[in-house]
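A, B, ... follow the sequence lines: proteins, then strands. Residue 1 opens every chain.
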There are 2 protein chains.
Amino acid sequence: MENLKEKFKRKLAENNYKLTKQREVILGTILGNKNWHFTAEDLFAAVKKKDQDIGMATIYRTLELMQNLKIINVHDFNEDSRIYELYSEESHHHHLICKKCGKLVEFSDQDIDYLESELEAKYDFKVTEHKLRFYGYCRDCK
Amino acid sequence: MENLKEKFKRKLAENNYKLTKQREVILGTILGNKNWHFTAEDLFAAVKKKDQDIGMATIYRTLELMQNLKIINVHDFNEDSRIYELYSEESHHHHLICKKCGKLVEFSDQDIDYLESELEAKYDFKVTEHKLRFYGYCRDCK
DNA sequence: ATATGTGCAAATAATTTGCATGTCA
DNA sequence: TGACATGCAAATTATTTGCACATAT
């Protein structure tokens, strides 16, 4: 089975993008941390350890590229900075967010797909995705 | 029954805030547009028509105040600027968002409360609220 | 009278962009 | 080689803040 690194390289090639050292380091960093939810700043810091000379603009540009290639996903949990994570196309998953410490828990999709069809019919929309979030306080903060 | 304007005035008084002309104009503007989803900029423009001298900072400060008093609600639908609306405490409602033109449709809560209890037990969280959003393309954009 | 609120302009902070230079295919 | 990428610094944009002045209670 094709792994994520290969997949990324293939997608780059297919879309006429070049495989640069920076893009490789960035991808490696993202893949290296299982279940990582990170900001652009987080990624920048992590990547800097491997490549001293990388610039913030490259981080942003690569994040945007990866979104387009469906390698990663963006969330706007808090209004200050965006949070990214590896894209998972198989199973939707949603989030439980602590309003105090920002802790994130993922849980898998609980079949609210039936709602999609209802909404599509009722409002004449073509629904492509949904996001479900629960906000509250975690064990330590409640 | 107490209307929203009275409610606002009462909450201000209860919390030792003053009822200024600016706050009144801002509230009036928000109440004047049924089902309005607005940005700070939208509100600023609308309020300027009634009070030429109001400053943007006052808009932001009043919006924050109104959030604290649960007069309005904030959303982070897109990552560029926040969207506000009148607070509704009785019935949760959720959104259907067109990814192309930004059109918003509201729909009422479809009892996903049972999920809340499950999550609370499973992850030891105290859940206080949730947001459910469907993204897609509206009639005109699909 | 005085604590609060306002307007303005300047400060922040995240993200984007222009441009000269470097590098992959 | 030449189109695409990068790094840097400057630009942008939404929002916040400091401060002198104004106003509701």
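A salt bridge does not link B/Glu24 to B/Lys5: none of the charged nitrogens lies less than 4.0 Å from a carboxylate oxygen.
Within residues 55-74 of chain B, the residues having any heavy atom closer than 4.0 Å to DNA chain C are, in order of number, B/Gly55, B/Ala57, B/Thr58, B/Arg61. In the region residues 43-53 of chain B, proximity to DNA chain C at under 4.0 angstrom, judged on heavy atoms, holds for B/Asp53.
In this structure, A/Leu104 CG and A/Asn35 CG are separated by 10.0 Å, a value rounded to the nearest 0.5 Å.
Separating the CG atom of A/Asn15 from the C1' atom of D/dA3 is a distance of 16 Å, rounded to the nearest angstrom. Rounded to whole Å, the distance from CD on B/Gln22 to P on D/dT23 is 9 Å.
Partners of B/Phe125 according to the ring-ring contact (aromatic ring centres under 6.0 Å, His included) rule, which considers only residues two or more places apart in sequence or in another chain, do not exist here. Remark: A/His37 pairs with A/His95 by the ring-ring contact (aromatic ring centres under 6.0 Å, His included) rule, at least two apart or across chains. When the side-chain contact (heavy atoms from CB on, under 4.5 Å) test is applied to B/Arg133, the partners found at least two apart in sequence or on another chain are A/Asp76, A/Arg133, B/His75, B/Asp76, B/Phe77, B/Ile97, B/Lys131, B/Tyr135. Under the side chain to side chain donor-acceptor pair (under 3.5 Å) criterion, A/Glu14 pairs with A/Arg10, sequence neighbours left out. Under the side chain to side chain donor-acceptor pair (under 3.5 Å) criterion, B/Asn73 pairs with no residue at all, not counting sequence neighbours. Residues forming a side chain to side chain donor-acceptor pair (under 3.5 Å) with B/Thr20 (at least two apart in sequence, or on another chain): none. Contacts of B/Lys70 classified as side-chain contact (heavy atoms from CB on, under 4.5 Å), with partners at least two apart in sequence or in another chain: B/Lys11, B/Tyr87. Residues that satisfy the side chain to side chain donor-acceptor pair (under 3.5 Å) test with A/Thr58, not counting sequence neighbours, are absent from this structure.
Along DNA chain C, the stretch of nucleotides lying under 4.0 Å from any heavy atom of chain B spans, 5' to 3', C/dA3 to C/dC8.
Each of B/Leu19 and B/Tyr84 was assigned the nucleotide of DNA chain D with the nearest heavy atom; the assignment lying further toward the 5' end belongs to B/Tyr84.
Of the candidates A/Gln22, A/Met66, A/Lys7, A/Met66 is the only one forming a side chain to side chain contact (heavy atoms under 4.5 Å, CB included) with A/Leu27.
Taking five base pairs at each end of the helix from C/dA1-D/dT25 to C/dA25-D/dT1, the local helix axes there meet at an angle of 30°, rounded to 10°.
When distances are taken from the side chain of A/Lys18 to each of D/dG7, D/dA5, D/dT15, the shortest belongs to D/dA5.
Looking at A/Glu64, its side chain never comes within 3.5 Å of a backbone N or O of A/Arg61 through a donor-acceptor pair. Panel note: side chain A/Arg23, backbone A/Lys18; a donor-acceptor pair is recorded below 3.5 Å.
In terms of phosphate contacts, A/Thr20 brings no side-chain nitrogen or oxygen within less than 4.0 Å of OP1 or OP2 of D/dC4.
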